[in-house]
Amino acid sequence: MNKVMSRTAARPRPRHRPPTRRDTRRPGGAPPRTPSRPAATTPAGKPGTPPETPLTAPETARPAPETPRTLPEAPRTAPEAPRTAPETAVRQPRPTDVFADRLLAVLSGQRPVHWMLRHTAGRAYDELARLAEHSPLRTRGTRPVVHDIGYYVPSEGTLEVFARIAAGDRLRAMAFRLELGKDLRWRCTAVETGPK
């Protein structure tokens with residue numbers, strides 16, 4: 001009889017869990033623990049560590065960016081020529097108008113006398129202080145305003161001005177003299193009012 005020797009592959013040992021520790025104090029012992037959910041794996045494949053959550057939401061969850069609304073472009077035209085100086089210059093008030101308003105504010109009691117201290121020269125401040133004691137242009141009820149102004153130029157740098165002051169239906173008169181100083185500033189050099 002001829003024996004044929006055949007080589008058989010060794011059977012792999014079955015893999016099983018290590019024996020669990022049983023509690024001998026309880027009858028029957030504790031049942032073996034089974035995982036309630038599969039162990040999470042990281043990209044590296046290590047079990048037991050939670051997967052990394054991305055810092056930003058997935059692209060599908062992001063709302064589409066809102067496109068800004070733009071106004072239709074105006075048709076382009078040739079650039080405007082630069083404006084000339086007279087059009088852009090701010091019109092300066094005349095010194096006659098400025099001083100009429102200032103003197104009226106003092107003589108009607110709306111402003112104190114010393115408000116005109118740096119706008120007067122010579123005896124004008126003393127005259128203004130004497131007149132302001134009696135408030136000759138003060139009225140009850142209606143606030144006085146400058147109705148109209150006229151002036152005369154006796155010499156260069158000098159203006160003699162008269163103004164009509166209206167308060168309701170009444171008109172009063174005020175006259176003053178302006179002189180242009182060496183610093184090119186106008187100053188009041190005399191002031192008087194008409195009788196009440």
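What you see is a predicted model; the values in this text were computed from it and never measured. The chain is numbered in sequence order, starting from 1.
- Taking all atoms of both residues into account, the shortest heavy-atom contact from A190 to A124 is N-CB, 3.6 Å.
- With rounding to the nearest 0.5 angstrom, the CD1 atom of I165 is 7.5 Å from the CD1 atom of I149.
- For R94 and D97, the salt-bridge test passes: some basic side-chain N is under 4.0 Å from an acidic carboxylate O.
- Between the CD atom of E192 and the CE atom of M174 there is a distance of 11.0 Å, given to the nearest 0.5 Å.
- No donor-acceptor contact under 3.5 angstrom links the side chains of R187 and H119, judged on distance only.
- With rounding to the nearest 0.5 Å, the separation of CZ in F162 from OH in Y152 is 12.5 Å.
- Here the closest non-hydrogen pair linking S108 and L137 is CB-O, 3.7 Å.
- Heavy atoms only, all atoms of each residue included: T158 and P154 are closest at O-CD, 3.5 Å.
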Steps toward side-chain contact (heavy atoms from CB on, under 4.5 Å) verdict (W186, L159): CA-CA 10 Å; W186 290 96; L159 296 173; 3.8 Å; yes
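- Within the model, atoms CG of L171 and NE2 of H147 stand 6.0 Å from one another, a figure rounded to the nearest 0.5 Å.
- Once rounded to the nearest 0.5 Å, the distance linking CG of L128 with NE2 of H114 reads 12.0 Å.
- Side-chain contact check for V191 versus L103: some heavy-atom pair is nearer than 4.5 Å.
- Defined by atom type and a distance below 3.5 Å, a donor-acceptor pair is present between the side-chain atoms of Q110 and R143.
- Of all heavy-atom pairs spanning R172 and G194, the tightest one is NH2-O, 3.5 Å.
- No side-chain heavy atom of P112 sits under 4.5 Å from any side-chain heavy atom of V106.
- Hydrophobic clustering, with ILVMFWY side chains joined whenever heavy atoms are under 4.5 angstrom apart, groups Y125 together with L180.
- Under the 4.5 Å side-chain heavy-atom criterion for ILVMFWY residues, no single connected hydrophobic cluster contains both V145 and V161.
- Between T96 and F176, the closest heavy-atom pair is O-CZ, 3.8 Å.
- Between C188 atom SG and R177 atom CZ the span is 10.5 Å, to the nearest 0.5 Å.
- Other residues, nucleotides and ligands contribute at most 12 non-hydrogen atoms within 6.0 Å of the CZ atom of R164.
- Closest heavy-atom contact between W115 and A105: CZ3-CB, 4.1 Å.
- Within 6.0 Å of the CZ atom in R185, the count of heavy atoms belonging to other residues, nucleotides or ligands exceeds 12.
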